[in-house]
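Read the structure below first, then the notes.
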4 protein chains.
Amino acid sequence: MEFHKKDPIFLQIVEMICEKILTKIWVEGDKIPSVRELAVNIEVNPNTVMRSYTYLQEKGIIQNRRGIGYYVAEHAYDDTLELMKTNFIRNDLPLFFKTIKLLDIDFDELKGRFKKFKEGKQEDENQQ
Amino acid sequence: MEFHKKDPIFLQIVEMICEKILTKIWVEGDKIPSVRELAVNIEVNPNTVMRSYTYLQEKGIIQNRRGIGYYVAEHAYDDTLELMKTNFIRNDLPLFFKTIKLLDIDFDELKGRFKKFKEGKQEDENQQ
Amino acid sequence: MEFHKKDPIFLQIVEMICEKILTKIWVEGDKIPSVRELAVNIEVNPNTVMRSYTYLQEKGIIQNRRGIGYYVAEHAYDDTLELMKTNFIRNDLPLFFKTIKLLDIDFDELKGRFKKFKEGKQEDENQQ
Amino acid sequence: MEFHKKDPIFLQIVEMICEKILTKIWVEGDKIPSVRELAVNIEVNPNTVMRSYTYLQEKGIIQNRRGIGYYVAEHAYDDTLELMKTNFIRNDLPLFFKTIKLLDIDFDELKGRFKKFKEGKQEDENQQ
DNA sequence: GTGGTCTAGACCACC
DNA sequence: GTGGTCTAGACCACA
């Protein structure tokens, strides 16, 4: 897994997990990889993965069964969607709008790009 | 000037300057405030302002005339626009699209929000 | 480490690091000293070392692994050589030639001097 | 006149004057431009020119006749040559040698370049 | 432990 | 007056 340096790594892991849940790759009740296992897979310090899991547990998206492992919690899909949506609308969107306006970018042109993006990424979707 | 703590202050200063240039408040050849002057104005340490100026000079957006001060460089407007635009398209846009798709947000609804945003900010526009 | 005062210290540190890379004392993938460690070693403020590292990172010669430290980047040797060589040919050489011509210095005599220089420095070579 | 930012401007002016003397464009006894005149010509603060003249006067290369102006001093040619030569050999040459060695540049190839340089610049020589 | 940012204050060379 | 560099020391987030 590759990380950009804009956000902390543990948040990028969180996001990766949220994606799995939103795309129904992982559904409620599924066991997710152990801290160590994931750490090895994505070549990251176990502490960092631990931090991601703790974060997600606090948000109620995953649950720990002691000695067994972490599981996708009940209502995880809805909670994740809710969490990311409010986050997006509160934080990302205003900045996004500000930039579009400042750079004088045509919103309709963006729509075209978005369509292409959706189609172009179709095949990659189930990888990884 | 107020700073959020998501980005480092010196980058927020950079952005502030870029905005001045993009909105033509500062145009090519204009002298910009001296390091110390700006530092006092926005209540920040001169080192921090210095860092912003150095950064902008490396990008070719401002230029130093020795012993005199910093000036908005030639082609600063075009360079700034270019720089921010490619940056936006390469980095922000893909992430933005990815999130919209993942959260299944309606693009046309966004357009409505954007219109409101633009109008809502109308009155601030001519302040500085 | 001793510094002359013609150039800023942080650039002398940069040069020192480039030399280590060019002489293969440090090779691609090597971890270089942490900011604090080097700062103590060469008796300089950590900020100054930080500045050197940031500079080198921008040039793509070293890379940061978050929370771990700085490493000599891929192709660092080639990049460094390339960077210094073009720099030398574009900036130093013309000035050098201009001066030699102006002072009417014999080029072949210089060659002799250079040989002596090379031999005279021979014993220092393997120190660090 | 254009200045690079490696050296202070006043030293670049000094050098420019030395060149005029070494190329015999200005010879002993010649009146050189007044501080103000030169300052206007090369678009520089008069104080800066003044500093150059003072510097040269201290070195005995130009002389001030009060109320009249500055003149190229006796033995200016020899003194300039001497001054620049020792300067070159003491400061520039060792650095130059060090770099050539580090970058593993062939000295004989340099000689070829120098020849070309000499010829290529032939026609520019008497301008300015 | 690592880097990264910031403040405060000093000193210097240059214009 | 201007920028530029450096030190000292602090604080923070991240791995």
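Naming: A, B, ... by sequence-line order, numbering from 1 per chain.
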Notebook entry, point to check: Which pairs pass ring-ring contact (aromatic ring centres under 6.0 Å, His included) with one or both residues in residues 19-48 of chain B, sequence neighbours excluded?
Noted result: none
Item checked: Pairing residues for C:Phe10 by the ring pair (Phe, Tyr, Trp, His ring centres under 6.0 Å) criterion, not counting sequence neighbours -> none
Notebook entry, point to check: So what's the dot-bracket for DNA chain F: Watson-Crick or G-U pairs under 3.5 Å, [ ] if a pair crosses, | if it pairs off-strand?
Noted result: ||||||||||||||.
Next item on the list: Give, for atom CG of D:Leu38 and atom CD1 of D:Ile17, the distance between the pair rounded to the nearest 0.5 Å.
Entry: 6.0 Å
Check: Distance from A:Met84 atom CE to A:Thr80 atom OG1, nearest 0.5 Å?
Finding: 8.5 Å
Check: So, A:Thr48 side chain and A:Val44 main chain: donor-acceptor pair closer than 3.5 Å or not?
Finding: no
Check: Taking the six-membered ring of D:Phe3, is NZ or CZ of B:Arg66 closer than 6.0 Å to its centre and within 45° of its axis?
Finding: no
Check: How is B:Asn64 classified with respect to the nucleic acid when contacts are heavy atoms under 4.0 Å: base, sugar-phosphate, or nothing?
Finding: sugar-phosphate
Note to self: Please list, in numerical order, the residues of residues 2-13 of chain A that have a heavy atom closer than 4.0 Å to any atom of DNA chain F.
What the structure shows: A:Pro8, A:Ile9, A:Phe10
Check: Hey, does C:Ile61 have a side-chain heavy atom less than 4.5 Å from the side chain of C:Gln57?
Finding: no
Next item on the list: Go through the structure and list residues passing side-chain hydrogen bond (donor to acceptor under 3.5 Å, both in side chains) with D:Glu19, not counting sequence neighbours.
Entry: C:Lys98
Check: For residues 32-46 of chain A, which residues have at least one heavy atom under 4.0 Å from DNA chain E?
Finding: none
Next item on the list: Could you pick out which residue, C:Gly69 or D:Thr48, lies toward the 5' side of DNA chain E when each is mapped onto its nearest nucleotide?
Entry: C:Gly69
Notebook entry, point to check: Heavy atoms, side chains only, cut-off 4.5 Å: are C:Leu103 and D:Leu22 in contact?
Noted result: yes
Next item on the list: Mind listing the residues from residues 50-58 of chain C sitting with a heavy atom below 4.0 Å of DNA chain E? Number order is fine.
Entry: C:Met50
Notebook entry, point to check: Does C:Arg66 place a side-chain N or O at less than 4.0 Å from the phosphate oxygens OP1/OP2 of F:dA15?
Noted result: yes
Next item on the list: For A:Phe96, check ring pair (Phe, Tyr, Trp, His ring centres under 6.0 Å) against everything at least two apart and list the hits.
Entry: B:Phe88, B:Phe96
Item checked: Boundaries of the DNA chain E segment in contact with chain D, non-hydrogen, under 4.0 Å -> E:dC14 to E:dC15
Margin query: For B:Asn41, give me all partners under side-chain hydrogen bond (donor to acceptor under 3.5 Å, both in side chains), at least two apart in sequence or on another chain.
Written below: none
Item checked: Qualifying salt bridge (Lys or Arg N to Asp or Glu O under 4.0 Å) pairs with a residue from residues 30-54 of chain A, counting only residues at least two apart or across chains -> none
Notebook entry, point to check: About how many Å separate NZ of C:Lys59 and SG of C:Cys18, when rounded to the nearest 0.5 Å?
Noted result: 10.0 Å
Note to self: Which residues pass the ring pair (Phe, Tyr, Trp, His ring centres under 6.0 Å) test with A:Tyr70, not counting sequence neighbours?
What the structure shows: A:Tyr53
Item checked: Close side-chain approach of B:Val72 to B:Ile21, heavy-atom, < 4.5 Å -> yes
